[in-house]
Amino acid sequence: MSDAPRRFRPGKEYKVILVGDPCVGKTAFVRRFVANQFDPSYKATLGVEYSSKVVEISRDLQVKVNLWDVVGQERFRAMTRAFYKGACGAFVLFDVTDEETFGQVVTWKKDIDEKVSLPSGRPIPCLLLANKIDLEAKVSDDTLQQFAEDHKFFAHVKTSVKKNTNIEVAVSILIKEMLRLDKEGFMRDAKKPEGSESTIMLTSNPSESTSISCPC
Ligand code: GDP
Ligand code: MG
């Protein structure tokens with residue numbers, strides 16, 4: 001059989017940002033999701049790290065998720081606008097063993113809402129991740145639930161990157177929400193004519209799949 005592309009496959013490509021205080025598990029989350037690896041040692045991220053993975057949603061639809069892991073240090077906060085540009089969704093992480101990182105979630109959410117929105121002008125969907133649930137949590141489930149509602153997170157998920165708990169679930173919840181918003185037209189710039197996004201042919205091997213259409 002030839003290596004020529006077999007068929008057209010409709011798809012989507014979304015930029016997703018990860019934010020939260022240093023040491024909450026952002027880089028670990030990306031490594032677990034993309035490469036299924038976990039490193040217990042801590043190496044601070046410098047600036048921004050970028051990874052991507054193609055997720056098969058169904059036989060006929062695949063989504064390429066471009067994950068931007070933004071450094072959590074306060075002194076880089078001024079740079080976040082450039083990193084957020086074009087984002088279609090966000091994970092906001094905190095460490096359940098560290099109440100200070102939970103307190104900072106409000107600041108991160110505000111930072112996102114002030115600096116980026118969907119092309120339609122609507123806020124980007126934010127999923128709150130309560131990470132490190134393999135350790136003793138200092139934030140109760142009720143507090144978490146109420147907090148997520150009060151601060152307009154469309155959902156929250158308790159994760160352990162270490163134990164690989166709910167990582168794929170969290171990504172799939174965010175992808176589904178982005179697809180929903182896309183379908184309802186919120187990812188589209190009202191000024192651009194409908195269907196102006198490009199669709200390209202993908203190869204038969206999903207690992208070689210590249211850019212599809214980016215609504216952002
Ligand atoms: P970042 O600064 O937010 O990118 O944090 P990292 O991803 O570098 O993680 C900080 C530290 O927390 C590292 O030592 C990780 O191994 C550890 N870590 C990340 N996720 C978990 C988790 O779910 N459970 C536990 N116990 N440790 C974790
Ligand atoms: Mg990091």
Side-chain angles (χ1 to χ4, degrees), residues 14-53 55 65-116 124-145 147-148 151 153 155-175:
Y14 298 120
K15 173 175 174 177
V16 171
I17 51 174
L18 288 101
V19 300
D21 271 10
C23 221
V24 295
K26 301 182 295 297
T27 302
F29 182 94
V30 173
R31 296 224 168 109
R32 174 63 86 189
F33 176 63
V34 172
N36 199 17
Q37 289 170 354
F38 179 76
D39 177 359
S41 65
Y42 178 60
K43 297 172 203 82
T45 305
L46 295 173
V48 66
E49 277 183 12
Y50 166 87
S51 310
S52 67
K53 181 168 169 175
V55 181
V65 196
N66 297 323
L67 294 162
W68 291 60
D69 172 10
V70 180
V71 74
Q73 267 85 0
E74 189 64 41
R75 67 199 152 98
F76 288 105
R77 190 71 61 79
M79 292 160 61
T80 52
R81 189 182 294 276
F83 298 142
Y84 295 170
K85 194 168 186 292
C88 300
F91 290 113
V92 182
L93 283 82
F94 74 95
D95 174 348
V96 294
T97 70
D98 182 346
E99 283 163 301
E100 209 179 310
T101 66
F102 181 52
Q104 283 300 313
V105 167
V106 181
T107 314
W108 285 110
K109 177 74 164 63
K110 198 163 160 269
D111 197 49
I112 294 171
D113 288 342
E114 279 173 7
K115 293 178 181 167
V116 66
I124 66 169
C126 290
L127 180 52
L128 179 62
L129 297 183
N131 191 36
K132 306 197 188 180
I133 56 160
D134 54 288
L135 302 172
E136 199 183 332
K138 295 209 174 119
V139 179
S140 74
D141 286 356
D142 287 348
T143 304
L144 183 58
Q145 169 95 31
F147 179 90
H151 294 90
F153 285 92
H156 67 278
V157 179
K158 297 198 297 176
T159 58
S160 165
V161 175
K162 183 175 180 180
K163 301 275 182 202
N164 201 5
T165 309
N166 287 339
I167 307 307
E168 290 195 4
V169 169
V171 177
S172 111
I173 289 174
L174 182 57
I175 288 178

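Quick note: residue numbers are just sequence positions, from 1. In listed order, ligands and their atoms are each counted from 1.
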Backbone N or O of D134 within a donor-acceptor pair of the K162 side chain at under 3.5 Å? no
Does ligand 1 have a heavy atom under 4.0 Å from the side chain of T159, from its backbone, from both, or from neither? neither
Considering both backbone and side-chain atoms of A28, is one of its nitrogen or oxygen atoms within less than 3.5 Å of a nitrogen or oxygen in ligand 1? yes
Region of P40 that comes within reach of ligand 1 [heavy atoms, distance under 4.0 Å]: backbone
Minimum side-chain heavy-atom gap D111-V19 below 4.5 Å: no
Please state whether the rings of F147 and F102 are parallel, tilted or perpendicular, taking 30° and 60° as the class boundaries. tilted
Quick one: which ligand 1 atoms are inside 4.0 Å of a heavy atom on L135? 26 (N)
Below a 4.0 angstrom heavy-atom separation, can you tell me which part of C23, side chain or backbone, both or neither, approaches ligand 1? both
Of all protein heavy atoms, the one nearest atom 16 (O) of ligand 1 is D39 O, 2.8 Å
Are any of the N/O atoms on V24, whether in the backbone or the side chain, positioned under 3.5 angstrom from an N/O atom of ligand 1? yes
Is a donor on one side and an acceptor on the other found under 3.5 Å between the side chain of D21 and the backbone of T101? no
Compute whether any side-chain donor of one residue and acceptor of the other, for S41 and K43, lie under 3.5 angstrom apart. yes
Do D95 side-chain atoms and K132 backbone N/O form a donor-acceptor pair below 3.5 Å? no
Ranked by distance from atom 10 (C) of ligand 1, the top protein heavy atom is Y42 CD1, 3.3 Å
protein heavy-atom neighbour closest to atom 9 (O) of ligand 1 works out as G25 CA, 3.7 Å
Within a radius of less than 6.0 Å around NZ of K109, do more than 12 heavy atoms belonging to other residues, nucleotides or ligands occur? yes
Side chain or backbone, does K162 bring an N or O within less than 3.5 Å of an N or O on ligand 1? yes
Determine, using heavy atoms of P22 and all atoms of ligand 1, whether some pair is separated by less than 4.0 Å. yes
Below a 4.0 angstrom heavy-atom separation, can you tell me which part of D134, side chain or backbone, both or neither, approaches ligand 1? side chain
For ligand 1 and I133, I'd like to know whether there is a polar contact (N/O to N/O, distance under 3.5 Å). no
So which of T97, T159, T165 actually passes side-chain hydrogen bond (donor to acceptor under 3.5 Å, both in side chains) with N131? T159
Which protein heavy atom lies closest to atom 21 (C) of ligand 1, and at what distance to 0.1 Å? K132 CG, 3.6 Å
Compare all side-chain heavy atoms of F94 with those of L144 and state whether any distance is below 4.5 angstrom. yes
Salt-bridge contact K26-D69 (side-chain N to carboxylate O under 4.0 Å): no
Got the closest protein heavy atom to atom 13 (C) of ligand 1, with its distance? S41 O, 3.8 Å
Could you tell me if any non-hydrogen atom of F29 lies under 4.0 Å from any atom of ligand 1? no
Residue pair A148 / H156: nearest heavy atoms and the distance that separates them: CB-ND1, 3.7 Å
T27 neighbourhood, listing ligand 1 atoms whose heavy-atom distance to it stays under 4.0 Å: 4 (O), 7 (O)
L174 and Y14: side-chain contact (heavy atoms from CB on, under 4.5 Å), yes or no, with the steps? CA-CA 10 Å; L174 182 57; Y14 298 120; over 6 Å; no
Sub-3.5 Å N/O-N/O distance, V161 and ligand 1: yes
N131 N/O to ligand 1 N/O under 3.5 Å: yes
